[in-house]
Amino acid sequence: MVVTRFPPSPTGHLHLGGARTALFNWLFTRHNRGKFILRFEDTDRERSKQEYVDSIIEALKWLGLDWDEGPYFQSKRLEIYQSYAQKLFEEGKAYYCECPKEILEKKRKERLEKGLKPRYDGTCRDKKLGPGEGRVLRIKAPEIGEIVFEDLLRGKIVFPAEEIDDFIILRSDGTPTYHFAVVIDDITMGITHVIRGDDHISNTPKQLLIYKALEVDPPEFAHIPMVLGSDGARLSKRHGAKSILEYRDVGFLPKALLNYLARLGWGYGDQEYFTVEELIEKFDLKSINLSPARFDQDKLLAINAYWIKNSDNKYLLEHLKYFLRGYDLGKFSEEYLLSAIETVKTRSKTLVEMAEMIEFYLVEEVSYDLDGAKKFLVPEIKPLLQKIGEDLKNLPLDEKRLEEYFRNLAEESGVKLKNIAQAVRVALTGRTVSPGLFEIIKVLGKEKVEKRLKKAIEFIRT
RNA sequence: GCCCCCAUCGUCUAGUGGACUAGGAUACUGGCCUCUCACGCCAGAGACACGGGUUCGAAUCCCGUUGGGGGCGCCA
């Protein structure tokens, strides 16, 4: 069975890049009916925060990326790492090192200045030191040869052994370093496929060394290209990469974000829009692009607009409620809210826009956009508003019939339909921009329309 | 500096040796529709980084150059 994992480190919020890695793992796993594990890599106690654990979980839940096991926390698994480390030490595959940090740092700089690759020089390699205060455990890396692995997407990748030094697997405080914890976790959790950003390609040989020392077969690796900012620079917390939750808060639909993220680096012929189900069905590691993809807000917006337009109103209402917290929606029937949504669907790129546009359906009294009111609520139009108010009482609330009525009115009165419509629009919505006039009248109902027309007439009088 | 990865319109991509006059999406421009704004529809402009090979034939295969990204921590 396929077993994958998503291992964020809780040192920041979940951002686009992390979310896409999670998504690719999740899609691959669901496609193969495997098991998806959530694991927090929090061995860096300084920077790991509970706050981030919470926000990452909230973001994954909002996206709908559910996991089958976990969350695990590396900080709670220290004994496991230590026992594996002990084993490597006893077998002579790892050794303790007492070199002080300052000297190591100095040597690193010297090598860098000479144009050499920084690398531990093996001072303690043969000292046969035991564990002790201030000592770290290093793995014995091969001095010659090649380290080779087969990436699922890129094929064979080869590193000269000289590239890899005797890196630290246990810090002086006894906690494991990243490479060690990852490998031990992936082994003990039975991970079969490691799908991660290609910034990990250079890390892979180190991890392979640990597998080899432990005599365990490594999992399959698939290194996916990273997501870059719109400026082409790396997406990271440091450069203000936004949290997934911020995308929620500015009105993106989770399925739109998922659709967008999936298409960033992956394609399926000419198809642009996918439901989550289609994604699961069609997703395939082999058709992932190899070059890094830039984040493009416009495209995300377009996909969001598409899904707003093409989702059913109930689904939209569920998500829209989050943005309508200031209103007592209980006052309205669900039917009213759903038909109101129907009229603003094609006009909203985000739920925030939708919430703004739908506002006039929810308020007791509309407030006028002053420029618009001045321009269209003019004395000449007053008798027409009065007539409309009267006539409406006997008209069926049918868009076709309403349109017919307004057209006749324009003809009879000699006032352009455009001017009548704009006046009524301002009266009913307070604005000069809104959904179609006839659909608004139909949704609002006669009572509200009449009331708002009266207010407009009042406005003209004063 | 050394090592690794990558390279099709601005951006996301289709393309796996001939069907390519390089397709789609988005953004942009023009038009149609029209009660406003959108939606929708039609049209336009816009790319195979460069140089060598291989081949009857290359966006597609090989090499080099250039460019971009990543790694080289007692961070992950």
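Within every chain, numbering begins at 1; the chains are lettered A, B, ... in the order of the sequence lines, protein sequences first and strands thereafter. The figures that follow rest on heavy atoms only: side chains count, while hydrogens, waters and symmetry mates do not.
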Distances under 3.5 Å between nitrogen or oxygen atoms of protein and nucleotides 62-66 of chain B:
none

Next item on the list: Provide the full list of side chain to side chain donor-acceptor pair (under 3.5 Å) pairs with a residue in residues 410-420 of chain A, sequence neighbours left out, each pair given once.
Entry: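 Residue pairs passing side chain to side chain donor-acceptor pair (under 3.5 Å), neighbours aside: none found.
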How would you label the contact of [X] with the nucleic acid (heavy atoms, under 4.0 Å): base, sugar-phosphate, or nothing?
X: A/Phe438; value: base
X: A/Tyr178; value: base
X: A/Val158; value: sugar-phosphate
X: A/Arg407; value: sugar-phosphate
X: A/Gly265; value: sugar-phosphate

Check: Of A/Leu153, A/Leu152, A/Leu285, which meets side chain to side chain contact (heavy atoms under 4.5 Å, CB included) against A/Ile195?
Finding: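 Among A/Leu153, A/Leu152, A/Leu285, the one that satisfies the side chain to side chain contact (heavy atoms under 4.5 Å, CB included) with A/Ile195 is A/Leu285.
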Next item on the list: Among A/Thr43, A/Leu137, A/Leu88, A/Ile168, find the one that has a side chain to side chain contact (heavy atoms under 4.5 Å, CB included) with A/Phe180.
Entry: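 Exactly one candidate clears the test, A/Leu88.
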Note to self: Between the base of B/rA25 and the side chain of A/Lys299, is one N or O donor paired with an acceptor at under 3.5 angstrom?
What the structure shows: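 For A/Lys299, whose side chain was compared with the base of B/rA25, there is a donor-acceptor pair (under 3.5 Å).
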Notebook entry, point to check: Can you name the side chain to side chain contact (heavy atoms under 4.5 Å, CB included) partners of A/Tyr315, sequence neighbours left out?
Noted result: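 With neighbours one apart ignored, the set is A/Leu253, A/Pro254, A/Lys255, A/Ser311, A/Asp312, A/His319.
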Check: Has A/Arg119 got a side-chain N or O lying under 4.0 Å from the OP1 or OP2 atom of B/rC72?
Finding: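 Checking B/rC72 against A/Arg119, no side-chain N or O comes under 4.0 Å of OP1 or OP2.
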Checklist line | side-chain N/O A/Asn289 vs B/rU8 OP1/OP2, d < 4.0 Å | finding: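 For A/Asn289, the contact criterion (side-chain N or O under 4.0 Å from OP1 or OP2 of B/rU8) is not met.
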For nucleotides 38-43 of chain B, list the nitrogen or oxygen atoms of the protein found under 3.5 Å from its nitrogen or oxygen atoms, one pair per line.
unit_1 : atom_1 : unit_2   : atom_2 : d
B/rA38 : O2'    : A/Thr346 : O      : 2.4
B/rC39 : O3'    : A/Lys309 : NZ     : 2.8
B/rG40 : OP1    : A/Lys309 : NZ     : 2.7

Check: Roughly, in whole Å, what's the span from CD in A/Glu272 to P in B/rG23?
Finding: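 About 15 Å, once rounded to whole Å.
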Checklist line | NZ/A/Lys374: more than 12 non-hydrogen atoms of other groups inside 6.0 Å | finding: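 It does not: A/Lys374 NZ has 12 such atoms or fewer within range.
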Pairing donors with acceptors under 3.5 angstrom, does anything connect the side chains of [X] and [Y]?
X: A/Tyr306; Y: A/Asn259; result: no
X: A/Gln271; Y: A/Lys282; result: yes
X: A/Arg425; Y: A/Ser434; result: yes

Notebook entry, point to check: B/rA25, B/rU11, B/rA7: which one has an atom nearest the side-chain heavy atoms of A/Asp296?
Noted result: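 So the side chain of A/Asp296 is nearest to B/rU11.
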Check: Closest to the A/Thr43 side chain: B/rG24, B/rA76, B/rC72?
Finding: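 Closest nucleotide among those given: B/rA76.
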Note to self: Please list, in numerical order, the residues of residues 414-422 of chain A that have a heavy atom closer than 4.0 Å to any atom of RNA chain B.
What the structure shows: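 Within residues 414-422 of chain A, the residues near RNA chain B are A/Leu417, A/Ala421, A/Gln422.
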Can you check nucleotides 67-70 of chain B for protein contacts, nitrogen or oxygen pairs under 3.5 Å, and list what you find?
unit_1 : atom_1 : unit_2   : atom_2 : d
B/rG70 : O2'    : A/Asp199 : O      : 3.3
B/rG70 : N2     : A/Ser202 : OG     : 3.3

Next item on the list: If the plane angle is over 60° it's perpendicular, under 30° parallel, otherwise tilted; pick one for A/Phe149 and A/Phe221.
Entry: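 Answer is perpendicular, since the angle exceeds 60°.
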